[in-house]
Amino acid sequence: MEFIVAYSFALEWKVRDMYISDKVDSLKGIGPKTAVLFEKLNVETIDDLLRLYPRNYLSFDEPIAIGEAEIGRRVTIKASIQSYVDVKKVRSLTLVTCMVKDGSGSVKLTWYNSPFLKQVFHIGQTFLFVGVITIRNHQLVMEHPEYYTVQQYEKLQSSLQPVYPLTEGLSNKVVTKAVTNALPLLDQLVDHVPEQVIRQFSLMPLKEAVRGSHFPENMEKLKECRNRLVFDEFFWFLVHMRIMREKTVKAENRFPITEWTAVEEFIGHLPFSLTKGQEKAIEEIRKDLSGATVMNRLVQGDVGSGKTAVAEMALLATVKNGYQAAFMAPTEVLAIQHYESVSKELEPFGIRTELLVGSTRISEKRKIYEALAAGKIDVLIGTHALIQDKVCFKNLALVITDEQHRFGVRQRALLSEKGQDPHVLVMSATPIPRTLAIIMYGDLDISVMKDMPAERKPIKNCVVGPKYRPTAYKFMGEQIKQGHQIYIICPMVEASENVEAENVIEYRESLLEVFPDNIRIEYLHGKMTPDEKNTIMRKFADQKIDILVSTTVIEVGINNPNATVMMIENAEKFGLAQLHQLRGRVGRGDAQSYCIMLCSTERKEAMDRLEILNQSNDGFYIANEDLKLRGPGDFFGVRQSGDLLFHLGDIYNDADVLKQANDAIAYLEKEQYPFEELVNEEVIQGVQL
Ligand code: ADP
Ligand code: MG
């Protein structure tokens, strides 16, 4: 009896003691050191851990016949042991070899330093071997294959093993175990999506979806689970949009902007004539700004279509009519770039421009806050720093956000709240098909700039294998001689065991060996401090760097018309839209530009995908082709849009789920559901926007 009491007490104690909101180190087996590592993955609480979804799953393929194995590709074969295991000493190594065969051919298996295998493999037994097949001395060889008994393999084949995003020092095994230990707390997870939506759209219960995303039974089930999670992301996004629209759409225009002579003058002084798209966009903006209700407009134009000039005209008009304006960019580098061009181009018109970014010194910030409130600054340009509490405008009439897809709706709303119903202009290069645009930007009118500046030469593209690298370097050398600059993009920052991707730091070192000493090579990546990044970008803009080796931090909006070559390593690892954005960093001036996509796999699908980019420089065309090409099985791996807005969802890949979420909103609207109630503090905490 005593024993039973003690036992049930222990159980109770365990249940009561743990909450989903507890820190991860309250889980068994996670100490403070591991907790610090988890923090690097933005995982602090158990809840966060449960929402740390695998980035991939290992599945065990059907074995294929040896005779059909593709050389150089990882395959599974099912074969019987044909020869005695041979153990040989080669210098300090022990080399173990063994011949295996199936009905279609034979392969020589080799291992190093594993003499015990002699006891494992016996002639006539069948095993499954997983590895890469190569040819050596006219003989098929598999080096260091993993091996499984038939039984073991069958068991593995029926399951999917999660592969988590990792950080140095944190292994997949540890994360998997931690998640396993956290699963019982899933019961505490609250589903905030209204009951009737769950019923009406037959959504899978949230708990089941979370559980199944970690440990799916099979691919089909995984897709269902993931769809539910993606639904949530889209749903909450759309709820916020819907609330925003209600607030803004019918607001009266408190800041009529009717005086446009300065803009005419500005256009007259431009070193180029406006494209049709630019003309149309500014005309629409002008109508909005002088109209009866407040402007809410998206200008969508492909990379290099000249959106900044359109923004500048809107800024100029606003200030000339006696108001202030704000211009927000997603990164410091981009904010600085905008600041430099806007201040230079608008200064002749007597416009006072200031820059406010995270790394602005405190004393400087204070001065800016004061001047802003006193109306001594006309245009404030910056990053998220603009939406901080201390920033108060005197009479903010126009808010522009660049590369809008990088900001959540909430940030956009916060900036608008800096004024009293200011006009809103958002600019985006994300080439998104119209049907999706209407959902994503439901609260905005849309101007599309389809054409490119006339004298711009189309970028020349090529998709090549790693063998082409030396030729590419030689070509770069010639471009540099002509005074041009080069970007090289690598997917990763530091070498990592798990990803066979080139990385910027080592890559730069290897380039230093290839190029002569007078070629200046630097690197840039997301983990550098803002100051370091700014310094590098400054030097690149001033043409003090010839080759910039960078991760995708470069992708958003950077404008250096002197750069003519963009080489992308491991191009197959990027989404099409992202590649298109990257490519958009060149071809921004008069000189012929080139984009070299280096593909390190010869897989047909990868090549086909890249071929779309090879054939076209038109972002809208690419987005549409991409949609056609993609099959339903393609739901993790490459994120097509490269947008940070959603963690799991992808507006292209998950277009059907996006539509479903949109239907859910329409359904709630019909039911006259009180949307405001949906977005209380508690809900917002669980939803990332
Ligand atoms: P994005 O639309 O990608 O933001 P930008 O506004 O940065 O493009 O413009 C890219 C480059 O094109 C800039 O150097 C800009 O000065 C130039 N540009 C903009 N409009 C025109 C035009 N109508 N004709 C020629 N060049 C232009
Ligand atoms: Mg831009």
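Order of listing sets the numbers, starting from 1, for every ligand and every atom in it.
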* Asked: Does Ala454 approach ligand 1 within less than 4.0 angstrom via side chain, backbone, both or neither, non-hydrogen atoms only?
  -> neither
* Side chain, backbone, both or neither: the part of Leu270 lying under 4.0 Å from ligand 1 by heavy atom -> neither
* Asn559 side chain to Arg585 side chain, donor-acceptor N/O pair below 3.5 angstrom -> no
* **Between His580 and Asn617, a side-chain donor and acceptor under 3.5 Å** => no
* Residues two or more places apart in sequence or in another chain: which of them pass side-chain contact (heavy atoms from CB on, under 4.5 Å) with Met528? -> Tyr523, Leu524, His525, Glu532, Lys533, Ile536
* So which of Arg588, Gln581, Arg585 gets nearest to atom 8 (O) of ligand 1, if we judge by its closest heavy atom? -> Arg588
Numbering as shown, the atoms of ligand 1 that approach [X] to under 4.0 Å (heavy-atom distance):
| X | value |
| --- | --- |
| Pro453 | 21 (C), 22 (C), 24 (N), 25 (C), 26 (N), 27 (C) |
| Thr308 | 4 (O), 5 (P), 6 (O), 7 (O) |
| Thr275 | 23 (N) |
| Val303 | 3 (O) |
| Ser273 | 22 (C), 23 (N), 24 (N) |
| Arg456 | 11 (C), 12 (O), 17 (C), 18 (N), 26 (N), 27 (C) |

* Phe475 and Tyr594 aromatic centres sub-6.0 Å -> yes
* Can you tell me which residue pairs pass the side chain to side chain donor-acceptor pair (under 3.5 Å) test with a partner in residues 307-325, sequence neighbours excluded? => none
* Under a heavy-atom criterion of less than 4.0 Å, does Ala429 contact ligand 1? -> no
* Heavy-atom contact under 4.0 Å between Gly301 and ligand 1? -> no
* Let me see the working for Lys344 and Glu340 under salt bridge (charged side-chain N to carboxylate O under 4.0 Å, His left out), right down to the final yes or no. => CA-CA 6 Å; Lys344 191 177 94 209; Glu340 282 170 1; over 6 Å; no
* Asked: How far does CD of Glu279 sit from CG of Asp451, to the nearest 0.5 angstrom?
  -> 9.0 Å
* Asked: If we only count N/O pairs under 3.5 Å, is Gly306 in contact with ligand 1?
  -> yes
